[in-house]
Amino acid sequence: MVRSLFDTHFYKLLMLQMIRHQHRDAHATFSLINRRKSVRLAHVIEEKELREQLDDARTVRFSRKELIWLAGNSFYGKQRMFAPDFIEWLADFQLPG
């Protein structure tokens with residue numbers, strides 16, 4: 001299901017950087033919300049398989065190539081949008097267990 005931590009919206013990385021720099025001691029929790037009422041998730045995927053996929057997502061890390069790409073690209077006309085210490089932090093980032 002999740003092959004890369006880039007499988008998220010770009011702005012979430014920007015928010016993560018801001019939160020990390022301004023609210024370093026903040027804690028958050030995760031919940032899964034199915035916003036599409038027409039898709040009954042329990043009819044599409046078994047709970048065991050969903051749990052396995054979510055557990056597997058915890059093993060995904062940013063690759064060296066992904067970090068280099070993030071550090072070196074310009075976004076919205078701004079160079080180095082991500083601070084070097086944030087890129088270093090992302091190198092060890094993993095979803096919590």
Side-chain angles (χ1 to χ4, degrees):
M1 183 160 74
V2 177
R3 294 175 298 277
S4 167
L5 291 176
F6 273 151
D7 287 349
T8 188
H9 295 285
F10 180 76
Y11 81 94
K12 289 181 182 176
L13 294 174
L14 293 172
M15 288 190 310
L16 179 60
Q17 176 176 241
M18 183 272 303
I19 290 166
R20 182 178 175 270
H21 282 100
Q22 293 185 9
H23 306 284
R24 195 172 294 261
D25 296 326
H27 294 278
T29 59
F30 167 81
S31 65
L32 179 66
I33 299 170
N34 179 11
R35 292 191 174 124
R36 180 161 268 179
K37 303 290 183 198
S38 64
V39 176
R40 299 198 44 127
L41 199 55
H43 294 150
V44 176
I45 186 169
E46 296 288 329
E47 180 183 348
K48 181 179 184 266
E49 184 179 350
L50 179 59
R51 288 183 183 278
E52 288 171 357
Q53 291 290 329
L54 292 172
D55 285 342
D56 187 57
R58 292 182 183 131
T59 67
V60 178
R61 305 286 185 277
F62 282 101
S63 72
R64 186 86 180 126
K65 282 182 173 181
E66 290 170 331
L67 294 171
I68 290 169
W69 185 84
L70 269 179
N73 272 301
S74 297
F75 303 98
Y76 308 112
K78 182 177 178 183
Q79 293 184 351
R80 294 195 174 94
M81 187 169 257
F82 295 101
D85 68 313
F86 181 69
I87 297 292
E88 289 175 26
W89 181 80
L90 284 179
D92 294 325
F93 178 80
Q94 68 183 77
L95 298 171

Pairs touching residues 88-97 that satisfy side chain to side chain donor-acceptor pair (under 3.5 Å), sequence neighbours left out: R61-Q94
Taking salt bridge (Lys or Arg N to Asp or Glu O under 4.0 Å) as the test, write out the residues that go with D55, two or more places apart. R58
Does any pair with a residue in residues 44-65 pass ring-ring contact (aromatic ring centres under 6.0 Å, His included), and if so which ones, sequence neighbours excluded? F6-F62
Might you point out which heavy atoms bring R20 and F86 nearest each other, and give the distance in Å? CD-CD1, 4.0 Å
Do you know the tightest heavy-atom contact between H21 and D85? NE2-OD2, 3.2 Å
Check side chain to side chain contact (heavy atoms under 4.5 Å, CB included) between D56 and all other residues, then give those that pass, not counting sequence neighbours. T59
Using the side chain to side chain contact (heavy atoms under 4.5 Å, CB included) criterion, which residues pair with A57? Sequence neighbours excluded. V2, L95
State which residues pass side chain to side chain donor-acceptor pair (under 3.5 Å) with E52; sequence neighbours excluded, sorted by chain then number. K48
List in chain and number order the residues that pass salt bridge (Lys or Arg N to Asp or Glu O under 4.0 Å) with R80, two or more places apart in sequence or in another chain; answer none if no residue qualifies. none
Which ILVMFWY residues are connected to M18, directly or by a chain of links, through side-chain heavy atoms under 4.5 Å apart? I19
Determine whether F93 and W69 fall in the same hydrophobic cluster, where Ile, Leu, Val, Met, Phe, Trp and Tyr are linked whenever their side-chain heavy atoms lie under 4.5 Å apart. yes
Show me the pairs that pass side chain to side chain donor-acceptor pair (under 3.5 Å) and involve residues 34-45, at least two apart or across chains. none
Quick one: do L13 and M81 satisfy side-chain contact (heavy atoms from CB on, under 4.5 Å)? Show the steps, please. CA-CA 10 Å; L13 294 174; M81 187 169 257; over 6 Å; no
Nearest 0.5 Å, what's the NZ-CD1 distance between K65 and I68? 9.0 Å
Rounded to the nearest 0.5 Å, how far apart are CG of L41 and CD of E46? 11.0 Å
Residues, nucleotides or ligands: over 12 heavy atoms within 6.0 Å of R24 CZ: yes
Identify, with sequence neighbours excluded, every residue that meets salt bridge (Lys or Arg N to Asp or Glu O under 4.0 Å) alongside E47. R51
Show, in sequence, the C-alpha distance, side-chain angles and deciding distance for L90 and E66, and conclude whether the side-chain contact (heavy atoms from CB on, under 4.5 Å) test is met. CA-CA 10 Å; L90 284 179; E66 290 170 331; over 6 Å; no
Which residues satisfy the side chain to side chain contact (heavy atoms under 4.5 Å, CB included) test with M15, sequence neighbours excluded? Y11, K12
State which residues pass ring-ring contact (aromatic ring centres under 6.0 Å, His included) with Y76; sequence neighbours excluded, sorted by chain then number. none
